[in-house]
> 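My questions all concern the structure below.
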Amino acid sequence: MGCNHYMCVYRFISPSGKSYVGQARNYIDRQKNRIKDYNKWLKIKDDETRTEKERRGSNPRLYLAFLKYGIDNFNSEILEENIDCQENL
């Protein structure tokens with residue numbers, strides 16, 4: 001399966017100094033989706049009609065840290081960009 005995009009590796013840094021490292025083909029879209037996912041997670045995290053997996057979310061530790069410190073208090077940086085997907089296969 002081919003890839004026609006370049007990727008980047010990024011890092012979120014919490015106010016406590018802990019880091020989360022991720023990768024994305026489109027960094028801006030990924031961050032917009034992360035905020036959307038976080039807001040959705042806030043609405044369902046305590047909803048007992050949801051499954052445990054739905055309430056946990058896709059990355060519960062990161063979202064719990066967002067909740068603890070506030071998503072706007074995280075710094076982010078791009079560690080590596082223009083990574084050719086073909087080189088990673």
> If you group Ile, Leu, Val, Met, Phe, Trp and Tyr by side-chain heavy-atom gaps below 4.5 Å, do Ile13 and Val9 land in one group?
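Result: no, two separate clusters.
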> Could you give the distance from CD1 (Ile35) to NZ (Lys40), rounded to the nearest 0.5 Å?
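If we round to the nearest 0.5 Å, Ile35:CD1 and Lys40:NZ are 16.0 Å apart.
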> Would you say that Phe12 contacts Arg34 through its side chain, given a criterion of any heavy-atom pair below 4.5 Å between the two side chains?
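Yes - at least one pair of side-chain heavy atoms lies under 4.5 Å apart.
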> Is there side-chain contact between Asp37 and Tyr63, with at least one heavy-atom pair below 4.5 Å?
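With C-beta onward as the side chain, the pair touches.
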> Would you say Arg11 and Phe74 make side-chain contact, with heavy atoms under 4.5 Å?
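The answer is no; the side chains never approach within 4.5 Å.
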> Can you see which heavy atom on Arg30 is nearest to which on Ala24, and at what distance?
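In terms of heavy atoms, the two residues are closest at CB-CB, 3.7 Å.
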> Working to the nearest 0.5 angstrom, can you tell me the gap between Asn33 CG and Asn26 CG?
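These two atoms lie 9.0 Å from each other.
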> Using 0.5 Å steps for rounding, measure from the OG atom of Ser14 to the NZ atom of Lys68.
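One gets 8.5 Å once the value is rounded to the nearest 0.5 Å.
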> Leu62 versus Tyr38: any side-chain heavy-atom pair under 4.5 Å?
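They are not in side-chain contact.
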> Would you give the length of the straight line joining atom SG of Cys8 to atom CD1 of Ile83, rounded to the nearest 0.5 angstrom?
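Reported value, rounded in 0.5 Å steps: 7.0 Å.
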> Hey, can you tell me if Tyr20 and Tyr10 have their rings parallel, tilted or perpendicular (30° and 60° cut-offs)?
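Tilted, since the angle between the ring planes falls between 30° and 60°.
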> Enter the distance from Met7:CE to Asp84:CG here, rounded to the nearest 0.5 Å.
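Here the interatomic distance stands at 10.0 Å.
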> Could you tell me whether Glu77 atom CD has more than 12 heavy atoms of other residues or ligands within 6.0 Å of it?
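Above 12, so yes.
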